[in-house]
Amino acid sequence: MNSFLTIHPEVNEALTNGKAVVALESTIISHGMPYPKNVETAIAVEQAVRDNGAIPATIAIFNGKCHVGLTKEQLEYFGLASGETKDVWKVSLRDMPYVISQNLYGATTVAATMRIASMAGIKVFVTGGIGGVHREAEKTMDISADLTEMAQTSVAIVSAGVKSILDIGLTLEYLETLGIPVVTYGQDEFPSFYSRKSGFASPLRLDTAKEIAALIDTKWKLGLNGTILIANPVPAEYEINAAEMEVHILQALNAAKEKNITGKNVTPFLLQYIAGHTKGESLEANIALIKHNAKVGAEIAVNYASVKN
Ligand code: PSU
Ligand code: MN
C-alpha cells in the first residue's frame with residue numbers, strides 16, 4: 001500500500017470486500033463552518049452515509065500522513081482548528097508535498113481529498129460545494145484547483161451545486177471545457193448551494209441513483225478519466241432565497257477586496273464572512289444540504305458497488 005496513506009480498519013475492510021465507501025472532505029470542517037457545529041455536522045454526515053448503506057471515510061492529513069477515515073478525536077481536532085488557527089493547513093494539491101514532507105496537519109480541499117480518495121481506491125465523494133471560477137476571474141485568474149483536479153481524477157463528486165460566491169456560468173463553461181459531465185439529481189435547473197435555483201440550466205438531469213451509477217460506470221469504462229459532478233439541490237424546506245443571499249455575497253466580496261484577500265485565503269474568507277453575517281439560517285441550510293448529499297452519495301455508492309461487483 002501507498003506509504004503516505006493510513007486507512008482506517010473499517011474503511012480498509014469495506015474496500016477489500018467491494019462494499020460502498022463514501023469519501024468526505026475536511027476543509028469544510030476546519031475552514032468552512034464554526035466550532036462546534038462543524039464537528040457535530042461532520043459526525044452527522046458520517047452517520048447519514050452509514051444510514052444509507054455505505055462506510056464513511058473522512059480524509060485529512062495528520063502529522064504528514066493522509067488519513068482515510070478519521071476517529072471522533074481527529075474530527076474534533078480539525079473542528080477546533082476552525083477560524084484563525086494556523087496549525088491546520090488548508091491543503092489543496094499544490095500544498096500536499098510540503099505539508100506531508102514537513103509532517104504537518106492539513107484539512108483537505110475537494111481537489112486534495114479526491115486525489116487521496118483515489119489513491120485509496122474510493123470512487124464516490126460527498127461535499128457541500130466545490131471550488132470553481134471566481135467572479136472577476138478574467139482579472140484575478142482565480143480558478144480553483146478543484147476544477148483541474150476534477151478533470152483528471154476518477155472519483156465522482158456529489159455537491160449541492162456551486163455557491164454563488166463564484167461565477168456559476170463561467171464555472172459551468174469551464175467544466176464543459178474540461179469534459180466533466182454535470183448532472184443534476186431530480187430537476188432541470190443547476191442548483192446554487194443555498195438555493196435550488198441558479199438561473200442556469202443543468203447540462204444533464206437524472207432522477208435515480210441507479211442511473212447516475214450507470215453514468216459513472218460508463219464514463220470510466222469508456223476510458224474517460226475524471227469526475228462526474230452530481231448536483232443535488234438543497235431540500236426545499238431549507239432553501240434560502242438567492243436574492244437574499246446575493247446581498248451578503250456582495251458585501252463579502254467587497255470586504256475581501258478592501259482587505260486585499262488573495263490566493264488560497266479568498267474562499268475561506270468569503271465562507272466565514274457569509275456564515276458570520278447570516279448566522280443561523282445559512283448554517284442550518286448548509287448542514288441540511290450536506291446531510292442530504294451524504295444520503296444521495298451513499299445511495300449512488302451502493303448502486304455503483306453493485307454494478308462493479
Ligand atoms: N465552497 C463551499 N464550501 C467549502 C469550500 C468551497 O461552498 O467548504 C472549500 C472546499 O474545500 C473547496 C475549497 O475544495 O473550499 C476551494 O478552495 P479554493 O477556492 O481556494 O480552491
Ligand atoms: Mn483560488
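Scope of the values below: all heavy atoms of this structure, side chains included, with no hydrogens, waters or symmetry mates. In what follows, residues are counted from 1 in the order of the sequence shown. Whatever order the structure lists ligands and atoms in, that order sets their numbers, starting from 1.
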Original post:
Hey, is CD on Glu176 packed in by over 12 heavy atoms from elsewhere, all under 6.0 Å?
Top reply: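 Open: at most 12 neighbouring heavy atoms sit under 6.0 Å from CD of Glu176.
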Original post:
Does atom OH of Tyr238 have more than 12 heavy-atom neighbours, drawn from other residues, nucleotides or ligands, at distances under 6.0 Å?
Top reply: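 No - once you tally the heavy atoms of other residues, nucleotides and ligands closer than 6.0 Å, there are 12 at most.
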Original post:
Distance under 6.0 Å and angle within 45° of the ring axis: does Lys123 meet both against Trp220?
Top reply: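 So Lys123 does make the cation-pi contact.
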Which ligand 1 atoms are under 4.0 Å away from a heavy-atom of [X]?
| X | result |
| --- | --- |
| Thr109 | 11 (O), 14 (O) |
| Asp146 | 12 (C), 14 (O), 16 (C) |
| His134 | 19 (O) |
| Phe193 | 7 (O) |
| Ser144 | 18 (P), 19 (O), 21 (O) |

**OP:** Could you check Phe78, Tyr105, Phe62, Phe4 and say which one makes a ring-ring contact (aromatic ring centres under 6.0 Å, His included) with His67?
**Re:**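 The option that passes is Phe62.
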Original post:
Per the side chain to side chain contact (heavy atoms under 4.5 Å, CB included) rule, which among Val307, Asn303, Ile230, Val183 passes with Ile216?
Top reply: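 In the set Val307, Asn303, Ile230, Val183, the residue that makes a side chain to side chain contact (heavy atoms under 4.5 Å, CB included) with Ile216 is Ile230.
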Original post:
Do you know which of Ser198, Pro191, Ser192 makes side chain to side chain contact (heavy atoms under 4.5 Å, CB included) with Ser195?
Top reply: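 Between Ser195 and the candidates, side chain to side chain contact (heavy atoms under 4.5 Å, CB included) is satisfied uniquely by Ser192.
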Original post:
Salt bridge check: are Glu299 and Lys295 linked by an N-O gap of less than 4.0 Å?
Top reply: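 Yes, Glu299 and Lys295 are salt-bridged.
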Original post:
Should Lys197 and Glu246 count as an ion pair when the cut-off is N to O under 4.0 Å?
Top reply: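 Judged by the 4.0 Å cut-off on N to carboxylate O distance, Lys197 and Glu246 do not form a salt bridge.
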Closest protein heavy atom (residue, atom, distance) for [atom]:
| atom | answer |
| --- | --- |
| atom 9 (C) of ligand 1 | Thr27 CG2, 4.2 Å |
| atom 3 (N) of ligand 1 | Leu271 CD1, 3.6 Å |
| atom 1 (N) of ligand 1 | Gly129 O, 3.4 Å |
| atom 15 (O) of ligand 1 | Thr267 CG2, 3.5 Å |

**OP:** Output yes when the distance from some N or O of ligand 1 to some N or O of Val110 is under 3.5 Å, and no in every other case.
**Re:**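 So ligand 1 has an N or O lying under 3.5 Å from an N or O of Val110.
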**OP:** Output the atom name for the N/O/S atom of Asp142 with the smallest distance to the Mn ion (ligand 2).
**Re:**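 Atom name of the closest N, O or S in Asp142: OD1.
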**OP:** Could you establish whether His31 and ligand 1 come within less than 4.0 Å of each other, counting only heavy atoms on the residue side?
**Re:**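 It does not, in that no heavy atom of His31 comes within the 4.0 Å cut-off of ligand 1.
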Original post:
Does some non-hydrogen atom of Met33 fall short of 4.0 Å from ligand 1?
Top reply: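 False for this residue.
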**OP:** Kindly identify the option in Glu25, Glu149, Lys264, Lys90 whose heavy atom sits closest to atom 20 (O) of ligand 1.
**Re:**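 Going through Glu25, Glu149, Lys264, Lys90 one by one, Lys90 has the nearest heavy atom to atom 20 (O) of ligand 1.
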Original post:
Are side-chain heavy atoms of Ile274 and Ile249 found at a separation under 4.5 Å?
Top reply: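 Counting from C-beta outward, Ile274 and Ile249 do come under 4.5 Å.
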